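Each remark here refers to the structure printed beneath this line.
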Amino acid sequence: MNDLNCKVLADIGTDHGHLPLFIAEKRPEMKIFAIDLSEVAINALKTKVSSETKITLKRGYGFNPIPLEEIDICVLAGLGNHKILQILKLNDWRKKTYIFQAKENPILIRKWIKEKRYFILKETIVFENNHYYHTIFVSKDQGKKVLNNLDLMFGVYQRHEQDPVFKKYWTEQLKFKKDIINEVPDNLRTKIIFDEIDVIQTVLKHD
């Protein structure tokens, strides 16, 4: 995050506030908005935020509680694709940089990035507590564009780099789809799954 020249960050759906608290410790000069719809979450976070930090707590939905000022980075983490897109649809301010962390393969998020003609700076899959989290750093003016269906499904960087977590995730997805094939009749749905299996196998063979 240091190389993104970020001075103001908004964490949407902050929950326990782990991210704002961590960033405030590492970057005490940064102004941070921590937003959550839950009054319980905001009140609990108040007990953890010291007066020395530049964390501003706001209760509300999406970006609505934030004043109309420039936000360098908007973070939407720990949410599903549809919830992230719902927030963006209501509050698309065209900020400089977004950080998305989805609980599922973010194909729909990449479609949004493609439609907005944004760029992907970095992407990764993290495996933690038996769950996969897909993280994407998005910029208005630098990085790689989402160009095709392979980019949508596997990411613009990850299918070329293929780190161990990427391989683990897609190997499990491959097994899951093969198990489905063995359990359902040969109809249109299995044809789609057969095609997905072929694509995954081809990508995983990439050196």
Side-chain angles (χ1 to χ4, degrees), residues 11-16 18-19 36-38 41 61-62 74-92 98-139 143-207:
D11 182 29
I12 310 301
T14 192
D15 197 15
H16 298 292
H18 297 310
L19 178 65
D36 203 284
L37 190 58
S38 168
Y61 184 78
C74 297
V75 180
L76 291 99
L79 304 170
N81 283 336
H82 291 286
K83 178 59 69 175
I84 290 174
L85 289 173
Q86 185 181 42
I87 293 173
L88 290 172
K89 184 177 180 180
L90 295 174
N91 306 276
D92 182 10
Y98 290 93
I99 299 177
F100 301 124
Q101 187 185 76
K103 295 179 178 179
E104 58 205 316
N105 187 12
I107 294 177
L108 296 178
I109 303 300
R110 294 192 187 103
K111 284 183 179 179
W112 179 88
I113 294 167
K114 187 174 185 291
E115 290 170 359
K116 294 296 181 181
R117 298 182 179 178
Y118 284 161
F119 299 84
I120 294 181
L121 283 169
K122 183 180 179 182
E123 56 192 4
T124 185
I125 304 175
V126 176
F127 185 67
E128 188 175 274
N129 297 325
N130 276 335
H131 291 284
Y132 290 97
Y133 298 94
H134 304 255
T135 305
I136 307 177
F137 290 72
V138 180
S139 170
K144 287 188 176 182
K145 286 187 175 181
V146 178
L147 299 176
N148 52 49
N149 288 336
L150 287 177
D151 289 345
L152 289 173
M153 187 168 182
F154 300 97
V156 299
Y157 297 101
Q158 293 182 99
R159 79 171 187 274
H160 302 294
E161 298 169 353
Q162 297 209 18
D163 65 26
V165 180
F166 175 91
K167 290 183 177 179
K168 175 179 170 62
Y169 172 79
W170 282 108
T171 298
E172 291 180 7
Q173 289 295 305
L174 182 62
K175 181 180 182 303
F176 173 72
K177 292 180 185 299
K178 286 182 175 180
D179 288 343
I180 292 177
I181 289 294
N182 293 331
E183 295 175 5
V184 297
D186 188 11
N187 54 24
L188 179 59
R189 183 172 181 227
T190 60
K191 171 64 169 59
I192 294 173
I193 298 175
F194 273 125
D195 290 342
E196 290 177 343
I197 287 172
D198 288 340
V199 172
I200 295 171
Q201 289 181 151
T202 300
V203 168
L204 288 177
K205 288 177 183 177
H206 169 77
D207 293 325

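Everything numeric here is computed off the predicted structure, so don't read it as measured data.
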ask   = What pair of heavy atoms forms the shortest contact from Phe154 to Val199, and how long is it?
value = CE1-CG1, 3.5 Å
task = Please work out whether the ring planes of Tyr132 and Tyr169 are parallel, tilted or perpendicular, with thresholds of 30° and 60°.
result = perpendicular
task = Might you work through the side-chain contact (heavy atoms from CB on, under 4.5 Å) test for Ile109 and Val138, ending with a clear yes or no?
result = CA-CA 10 Å; Ile109 303 300; Val138 180; 5.9 Å; no
message = Under a 3.5 Å cutoff, is there a donor and acceptor pairing between the side chains of Gln86 and Lys89?
response = no
request  = Could you tell me whether a side-chain N or O of Tyr157 sits under 3.5 Å from a main-chain N or O of Ile120, the two making a donor and an acceptor?
outcome  = yes
Within 6.0 Å of CG in Asp195, more than 12 heavy atoms from elsewhere = yes
key: Charged N-O contact under 4.0 Å between Glu172 and Lys168   = yes
query = Could you walk me through whether Arg110 and Asn105 pass the side-chain contact (heavy atoms from CB on, under 4.5 Å) check?
reply = CA-CA 10 Å; Arg110 294 192 187 103; Asn105 187 12; 3.3 Å; yes
request  = For Gln201 and Leu174, indicate whether the former's side chain and the latter's backbone hold a donor-acceptor pair under 3.5 Å.
outcome  = no
request  = Run the numbers on Lys144 and Glu123 for side-chain contact (heavy atoms from CB on, under 4.5 Å), then give the verdict.
outcome  = CA-CA 11 Å; Lys144 287 188 176 182; Glu123 56 192 4; over 6 Å; no
ask   = Do any N or O atoms from the side chain of Asp36 and from the backbone of Ser38 form a donor-acceptor pair under 3.5 angstrom?
value = yes
task = With Glu196 as reference, evaluate Lys177, Gln173, Lys191 under the side-chain hydrogen bond (donor to acceptor under 3.5 Å, both in side chains) test and give the passing residue.
result = Lys177
ask   = Glu161 and Phe166: side-chain contact (heavy atoms from CB on, under 4.5 Å), yes or no, with the steps?
value = CA-CA 9 Å; Glu161 298 169 353; Phe166 175 91; over 6 Å; no
Nearest atoms (heavy-atom pairs only) where Ile125 meets Val165 = O-CG1, 3.3 Å
task = Indicate the atoms forming the closest heavy-atom contact of Leu147 with Lys114, along with that distance.
result = O-CE, 3.7 Å
